[in-house]
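Reviewing the structure listed below.
In what follows, chains carry the letters A, B, and so on, assigned in the order in which the sequence lines appear, proteins first and then strands, with residues in each chain numbered from 1. For clarity, every value in this text was computed on a predicted model and none was experimentally measured.
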There are 2 protein chains.
Amino acid sequence: MDITDYKSRRNKILQSIVELYLEDAVPVSSRAVVRHARLNVSSATVRNIMSELEELGLIQQPHTSAGRIPSDKGYRYYVNSVMQRRPLTREETVYIDKLAKNWCRQIERVVEPTIQILTSLTNYCGAISFPRIEKTGFKRLELVPISRNRVLAVLITTSGFVRNVFIELDHELEDSELLRISNFLNSELTSLNFDDIENFLLRKTLEIQDSFYFLFKEATQILEDLIHATHERIVLEGISKMIRQPEFQDVECGRRFLSAIEQKNTLLEMFMKGAEGGAVKVYIGDESAHSGFYDCSIVISPYQVLGKAIGALGVIGPKRMDYAKAVSVVEYVAHKLSGFLDEGDIF
Amino acid sequence: MDITDYKSRRNKILQSIVELYLEDAVPVSSRAVVRHARLNVSSATVRNIMSELEELGLIQQPHTSAGRIPSDKGYRYYVNSVMQRRPLTREETVYIDKLAKNWCRQIERVVEPTIQILTSLTNYCGAISFPRIEKTGFKRLELVPISRNRVLAVLITTSGFVRNVFIELDHELEDSELLRISNFLNSELTSLNFDDIENFLLRKTLEIQDSFYFLFKEATQILEDLIHATHERIVLEGISKMIRQPEFQDVECGRRFLSAIEQKNTLLEMFMKGAEGGAVKVYIGDESAHSGFYDCSIVISPYQVLGKAIGALGVIGPKRMDYAKAVSVVEYVAHKLSGFLDEGDIF
DNA sequence: CTTTAGCACTCGATTCATGAGAGTGCTAAT
DNA sequence: ATTAGCACTCTCATGAATCGAGTGCTAAAG
C-alpha cells in the first residue's frame with residue numbers, strides 16, 4: 001500500500017468522524033467508523049489510525065475510553081481538504097427560488113425572506129448585514145421642502161434602495177434653490193460611488209465659484225447626512241432552532257451563545273470582515289474572535305452589486321455543523337441576491 | 001381584631017410571598033414571611049394564614065414540606081389589589097430622558113432607544129410594535145417620477161414618519177398628471193386618518209367626473225400600496241438578560257420561551273390587543289394565550305398619537321417579575337413616547 | 001510489516017441507599 | 001386567637017456499587 005492510499009484512508013476516517021459526529025453529537029467510536037466508512041479493516045486497525053490522527057491534533061478524546069470528536073484543527077482540515085462540495089438538491093433550489101420571489105426594492109423585504117431561507121434550510125441561525133450604502137452607487141436625489149428650513153431628502157441608490165432623512169438647514173432656502181441643488185447633484189454624481197462622492201465633494205469645494213458656494217455647502221451637508229443616516233445593521237434569526245441543537249443542552253453554553261449574538265456590534269464587525277474578498281468564508285470556533293462563539297462556526301459570504309461587496313450573509317451553527325450543506329446554501333443565496341441587486345437599475 | 005384588619009394581614013402576607021419569591025425565585029417559608037412582613041406573630045400563625053391562602057388558590061406548594069409560591073391567581077390578585085405603585089427613582093427617569101433624546105423621526109431611531117430603555121431598566125425582554133400607519137394621519141404625499149410607468153411615492157404621516165414605495169403604474173403618466181394627483185390628494189386628505197381615507201376614496205369614486213377618473217384610480221392605487229407597504233412588525237430584545245433569570249435554568253423552559261418569542265405573529269397579535277384601551281395591561285402566565293409564555297408575564301402599554309393608540313410597547317419577564325417596577329417603567333416610557341409623537345407636526 | 005482477535009482497563013452514567021436540612025401540619029398549652 | 005413543640009415529609013447532596021461502551025496493548029496470523 002503506497003503513501004497516498006494510506007493518506008486517503010486517514011482522510012476517509014477523519015471524514016467519517018466529522019460526519020458521524022455531525023449526525024449524533026456523540027463521540028465517535030472506532031466501530032462506528034468502520035461501519036460508516038465501509039473500510040474493509042477491523043476496528044483495531046481504525047483505532048491505530050485514530051491515535052495517529054489524535055497525535056496530529058485533528059481529533060481528541062473527551063476522556064480516556066470515550067470515542068473521538070474532531071478538534072478545531074480537525075474541522076479546519078476537513079473543510080479545507082476533505083469535505084466534498086455537495087450541490088443543492090432540487091427541493092432546496094426550488095425553495096430558495098420561491099422565497100427569493102418575495103425580494104423587492106425595500107431593504108426589509110430583502111432581509112426577511114433571505115433569513116428565512118438560511119434558517120429553514122440549515123436549521124441554524126441565519127444572519128444578514130444591511131447593504132452598506134457607501135459601497136453602492138448614487139442614482140438620484142429628491143429634495144422635498146417641508147417647511148422654511150426643513151427638507152426631506154430622498155436618496156435612491158443604484159441597487160434601487162431608498163433612504164430618506166429630514167434635514168434642518170442652516171439657512172432658509174427657496175424652492176428654486178433646492179431644485180438647483182438637486183439638479184446639480186443629480187447631474188454631477190450619477191453612478192458615482194458614495195466613497196468617491198465624499199472625495200469628489202471635497203475636491204469640488206475648492207474650485208467652486210462664489211455665488212454657488214452656499215448652496216454647495218448645503219448640498220454637501222445633505223449628502224453627508226444621508227450617507228450616515230442609518231447606522232450599519234445586522235439581522236439574525238433562528239435562535240430557537242439553534243438552541244435545540246444538543247450542544248446547547250448545557251445551559252451555560254446556551255447563555256454564552258445568546259449573549260454573543262446580542263452583541264450586534266461584534267457580529268456586524270465579523271460580517272464586515274466576511275464581506276471582504278469574494279468567496280464564502282468559514283470561521284471555526286475561536287477563529288471568529290468572539291469568545292461567545294467558541295462552540296459555533298460561522299459560514300459567511302459577501303453579496304455584491306456590480307462585483308462590489310456591499311454586505312454579507314451567512315449562518316451561525318454549532319461547530320459540529322453540516323459544512324458542506326451550509327457552504328452550498330450560503331453561496332447560492334449570496335449569488336442569487338447579488339444577481340437581484342444587479343438588476344436594481346429600474347430606470 | 002375585626003375583619004378588615006384580618007384581611008389586610010392576609011394581603012400583607014401574600015405581598016411578602018410575592019416579593020420574596022420575586023427576589024430569590026425560591027419557595028417562601030413561613031419564617032421568611034415573618035421576617036419580611038414585620039408582623040408581630042409567630043411563624044405558626046403565619047402558617048395558618050398561609051394554608052388559608054392556599055385554600056383560596058392564591059399560593060401553592062411545589063411539594064409537601066416546601067415553602068409556598070404564588071399561583072397565577074395569586075399574582076393576579078397581587079397586581080389588582082395588593083401591589084403598590086412605585087414611582088420611578090430619580091436615576092431611572094434621568095436614564096429614560098437621556099435615551100429618549102435619541103428619538104427622531106425615523107422609525108428605527110425610535111424603536112432602538114426605546115427597547116434599550118425597557119431592557120436595561122427591567123432586565124427582562126423589551127418589545128415594541130411598529131406604529132400602525134392606519135391609525136395615524138395623512139400629512140403629505142410626494143410622487144417622484146422614476147421612469148415611464150414607475151413612480152416613487154413618498155408619504156409623510158402626522159407623526160413625522162416617512163414611508164416610501166415604488167409603484168408600477170397601469171398607464172404611463174405625464175409629470176404634470178402626477179403633480180395633479182399629488183396636489184389633489186394633498187389638498188383633500190390633509191390630516192385625515194388612513195382608516196377614514198380608505199372610506200373617503202371609496203365614496204369619492206362614485207361622484208368623480210369622468211375626465212379625472214383615470215388619475216383618481218391611480219391615486220387610489222398608490223395610496224393603497226403605501227398603506228399596506230410595510231406589514232406590521234414587532235421588535236424584541238434582551239433575550240440574554242431574560243434567559244439568565246433562574247426559571248430558565250431548566251433547558252426545556254428556556255427553549256419553550258425562545259420558540260414563543262420567535263413567533264412574531266403571535267407576539268404581534270398580543271401587542272395589538274395590548275394597544276386597545278388606554279392603560280397599561282398585565283398578562284400573567286396563561287392569560288397571554290400563547291402556551292410558550294406559560295412561565296412569563298407581559299406588561300404592555302399602548303402608545304398614542306393625538307390620543308389614538310397606534311402601537312404598543314412593553315416587557316416580557318418571568319411570571320415572578322417585579323410588577324410594580326415593570327408597570328411604572330412601561331407606563332412612563334409609553335407616556336413619554338406618545339408626547340414625542342404628538343410633537344410630530346414638524347411643518 | 002500490516003492486520004486483527006482478544007482481553008484488561010478506564011471512566012462516565014445510572015442506580016440505590018443514606019443522612020442532613022428545611023419546612024410543614026398538628027396538637028396541646030397559653 | 002396564638003404559639004411552642006414535635007413528628008413527619010420531601011428534596012438535595014453524597015457516596016458506593018454496577019454497567020457498559022470504548023480504548024490501548026499484546027501476541028498471533030496473514
- Message: Tell me whether the side-chain N/O atoms of B:T45 come closer than 4.0 Å to OP1 or OP2 in D:dT3.
- Response: yes
- Message: With a 4.0 Å cutoff (strictly under), does any side-chain N or O of A:S65 reach OP1 or OP2 of D:dG24?
- Response: no
- Would you indicate what A:S43 reaches in the nucleic acid, counting non-hydrogen atoms under 4.0 angstrom: base, sugar-phosphate, or nothing? nothing
- Rounded to whole Å, CD of B:E52 lies from C1' of D:dT2 at a distance of 13 Å
- Message: Please report the distance, rounded to the nearest Å, between CG in B:N48 and C1' in C:dG25.
- Response: 9 Å
- Message: Side chains of B:S297 and B:Y75: any donor to acceptor distance under 3.5 Å?
- Response: no
- Between C:dA5 and A:R47, is there an OP1 or OP2 to side-chain N/O distance shorter than 4.0 Å? no
- Donor-acceptor under 3.5 Å (B:K264 side chain, B:L236 main chain): no
- Task: Report the distance from atom CZ of A:R31 to atom C1' of C:dT4, rounded to the nearest whole Å.
- Result: 15 Å
- Query: Which is it for A:T119 and A:Y124 under the side chain to side chain contact (heavy atoms under 4.5 Å, CB included) test, yes or no, and what are the steps along the way?
  - Reply: CA-CA 5 Å; A:T119 56; A:Y124 310 133; over 6 Å; no
- Message: For the residue pair A:S328 / A:R86, report whether a side-chain donor-acceptor contact shorter than 3.5 Å exists.
- Response: no
- Could you tell me the separation between the CE atom of B:M50 and the P atom of C:dG23, rounded to a whole number of Å? 10 Å
- Message: Does a side-chain N or O of B:R9 approach OP1 or OP2 of D:dA1 to a distance below 4.0 Å, or not?
- Response: no
- Between D:dT3, C:dT24, C:dG25, spot the one nearest the side chain of B:E54, thanks. C:dG25
- Rounded distance (Å) that lies between atom C1' of D:dT23 and atom CD1 of A:I49: 15 Å
- Distance, rounded to the nearest Å, where A:R35 contributes CZ and D:dA21 contributes C1': 12 Å
- Among C:dT24, C:dT4, D:dT23, the nucleotide that comes nearest once only the side chain of B:S29 is considered: C:dT24
- Between A:A44 and A:V26, which has a closest nucleotide on DNA chain D that is more 5'? A:V26
- Item | Side chain A:T64 and base C:dT10 donor-acceptor under 3.5 Å | no
- Nearest to the side chain of A:Q61 - D:dT11, D:dT2, D:dG24? D:dG24
- Nearest-Å distance for atom pair CD1/C1', residues A:I17 and D:dG22: 13 Å
- Query: Would a distance-only check, ignoring hydrogens and angles, find a side-chain to backbone donor-acceptor pair under 3.5 Å from A:E247 to A:C253?
  - Reply: no
- Query: At under 4.0 Å, does any side-chain N or O of B:R68 touch on OP1 or OP2 of C:dG25?
  - Reply: yes
- Message: What contact category does A:S51 fall into here, base, sugar-phosphate, or nothing, at under 4.0 angstrom with non-hydrogen atoms?
- Response: nothing
- Query: Starting at NE2 of A:H63 and ending at P of D:dG20, how long is that distance when rounded to a whole Å?
  - Reply: 17 Å
